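I have placed the structure first, in the form of C-alpha cells, so that the comments after it can refer back to it.
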Protein chains: 2
Amino acid sequence: MPDNDPMTAAPSPLSPADRPRLGLRERKKIKTREAIRAATYALVKEQGYDATTIEQIAERAEVSPSTVFRYFPTKEDIVLTDEYDQLMADELRGRPPGEPWMDSVRHVMRLAIEANNRENPDVARLRARLSVDVPAVRSRMFESMSTTGRLLREAIAERHGKDPDSVEVRVYAMSFIGGLMEVSMYWAEHDFEGELSDLVDRALDVLEHGLPIENP
Amino acid sequence: MPDNDPMTAAPSPLSPADRPRLGLRERKKIKTREAIRAATYALVKEQGYDATTIEQIAERAEVSPSTVFRYFPTKEDIVLTDEYDQLMADELRGRPPGEPWMDSVRHVMRLAIEANNRENPDVARLRARLSVDVPAVRSRMFESMSTTGRLLREAIAERHGKDPDSVEVRVYAMSFIGGLMEVSMYWAEHDFEGELSDLVDRALDVLEHGLPIENP
DNA sequence: CACTGTTTTGAGAGTTACTCTCATTTCATG
DNA sequence: CATGAAATGAGAGTAACTCTCAAAACAGTG
C-alpha cells in the first residue's frame, strides 16, 4: 500500500551491520539484494561483463532469474546503482551558508572519495573500469549522471537563491557533472595511478577558473 | 579491402543533391540509408519509439531486417546518428588563431544551429524530444557525447597548445559538452519555445563566467 | 498451533533487439 | 558475356527483459 516500493528502493546506504529492528522479510530482501550484487561482481571479474548472463547471476545468487529482475531493472543497474548521490547532495546542503561555494564542493568531494575508498575500493574501480570498457554500462552511467545533475542543481539553486530550473543553473550543474565524470574515466583509463583526490582537485580548478593560462 | 567500411560510414554530410560521380552501388546505399531513416522517423511519429519495431521499419523501408542492422548497429542509432560533430570540430579549427576562444565557439555554435534549422528542423526536434522521453535514446546520446568530447578536446588542445589527453583539457571539454547537452534537453522540455540560439548564448555565458552574480 | 491475508518467489511463455551464417542476387570490370 | 566482389535476404540462435499465475514464505490473529 505505501508508495515507496521496498523492492526497488535501495537499502539503507551506509549501514554495515547496524540493522536494528527490521522484520525478517526486510532483512531477507537486503540479503538477496546483496547476494545478487556480490554474485554479479564475482562473475564479472571472472568472465567479463558481456559473458555474464542473468541466468548465471541468478544461479550463483541462488535465486530465480525472475527475482533478479525484480530487484534490478537492468543488468547494468546491478553493477552501477549506488546511493551516494543523495548523501552528497544532503552533505552539500549542510555546509555553513557563509562558506564559499567551491570550498563546500571540495569538502564534499573529499568526503565522498574517502568514504568510497574506505568502504569498497575495488568495487569503485570495477565500476570505473566497466564504464570505460562496456558501452552499455557507460551509457547507464551517463544516464544516472542526469539524475545526479537534478540533485545538484537543487542544491546549487538553494545555495545561491536561484531557480533550480533556469537554464543557467541547469547548465552549470550539468557541466559540473560532466567534468567530474570525465575524471573518473580518466582515472580508469590510466589504470588508477595516482590519487583520485588529486585528479578531482585539478578538475575542480578547471571548473572554477577554466583552462589554466587561457588568456596569457 | 579498404579499411573504411562504406556500410557503416555516414554519407556525405551536407550534400543535398550534389552526388556527382558515384557508382550505382554507392548511390543505392545512400538511398537505402535514407529510406531506413525516413521510415523510422515516420513510424516513430505515428506510434512512438518503443512501439516501433525493427521489423516494421524494415517493411516500410522495403528492405529486410538484416539490412537494417547492417546499416545501423542499434535502433537508437537510426534516430540519432549525425555527422555534424566532425564538421564543427573542423570549423572550430579553421577559425583565425588570434580570435578569442569563446568568440570562436560562439561563432561555430551559431553556424551549427543555423545549418540544422535550415536543413531539418523537425528532425532536430524529434531527436531532442526523444532524448528527453526515451531512456535508451538519451543514453545513446550521452554516449555520442563522449565521442564529441574527444573531438572537442583535440580542437581545444590544438588551439591552446596543450596536451589533448591531460585531465585539464579533458575535463574542460566534457564540462562544455555536458552544459550544451543540457541546453538541448531544456529546450525540448520547454516545448521548443524561444530561440535555441538564445539559450545557447546563455549557456555559453555560464560556461565562461560561471553562474551570474556568483560572488556578489 | 491453526487460520487468513499479504508479500515474495519461481516457473514458464512471449517479445524484441541484435548476431552469425550461408546461399542468392546485384553490380563492377575486363 | 564472364568472372569476381559486394550487398542482400532468409533463417536460426542468443539473451535481456516483460507478464502472468500459482506456490511458497512470512505476519498477525484467535
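Proteins get letters first, then strands, A, B, ... in listed order; numbering begins at 1 in each. This is a predicted model, so every value here is computed, not measured. Values reported hereafter were calculated over all heavy atoms of this structure, with side chains retained and with hydrogens, waters and symmetry mates removed.
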Can you list, by residue number, the residues of residues 129-140 of chain A that have a non-hydrogen atom closer than 4.0 angstrom to DNA chain D?
none
Heavy-atom protein contacts under 4.0 Å, nucleotides 13-22 of chain D, coded B base, S sugar-phosphate only, - none:
---SBB----
Do the charged groups of A/Asp205 and A/Arg106 touch, with an N to O distance under 4.0 Å?
yes
So, B/Thr67 versus B/Ser64: side-chain donor-acceptor pair below 3.5 Å or not?
yes
With a 4.5 Å heavy-atom cut-off, do A/Val79 and A/Tyr41 have their side chains touching?
yes
B/Tyr71 vs D/dT8: side-chain N/O to OP1/OP2 distance below 4.0 Å:
yes
Within-4.5 Å side-chain heavy-atom neighbours: B/Tyr186 and B/Leu199:
yes
Separation of C/dT25 atom C1' from B/Glu62 atom CD, nearest Å, is 17 Å
Starting at CD1 of B/Ile78 and ending at C1' of C/dA17, how long is that distance when rounded to a whole Å?
11 Å
Indicate, yes or no, whether a donor-acceptor pair under 3.5 Å links the base of C/dT8 to the side chain of A/Arg25.
no
Side chains of A/Glu182 and B/Tyr172: donor-acceptor distance under 3.5 Å anywhere?
no
Separation between CG (A/Leu43) and CZ (A/Arg60), nearest 0.5 Å, reads 4.0 Å
Between the side chains of B/Ser104 and B/Arg159, is a donor N or O closer than 3.5 angstrom to an acceptor N or O?
yes
Atom pair distance, as rounded to whole Å: CD1 in A/Ile30 and C1' in C/dT8:
15 Å
From NZ of B/Lys28 over to C1' of D/dA7, roughly how many Å is that when rounded to an integer?
9 Å
Under 4.5 Å between any side-chain heavy atoms of A/Phe142 and B/Met141, yes or no?
no
Whole angstroms only, please: what is the CZ-P distance between A/Arg27 and D/dA25?
17 Å
Could you tell me the separation between the NZ atom of B/Lys31 and the P atom of C/dT26, rounded to a whole number of Å?
15 Å
Separation of C/dT8 atom P from A/Leu24 atom CG, nearest Å, is 12 Å
Using atom CD of B/Glu26 as one end and atom P of C/dA28 as the other, report the distance to the nearest whole Å.
9 Å
CZ-CD distance between B/Arg129 and B/Glu189, expressed to the nearest 0.5 angstrom:
11.0 Å
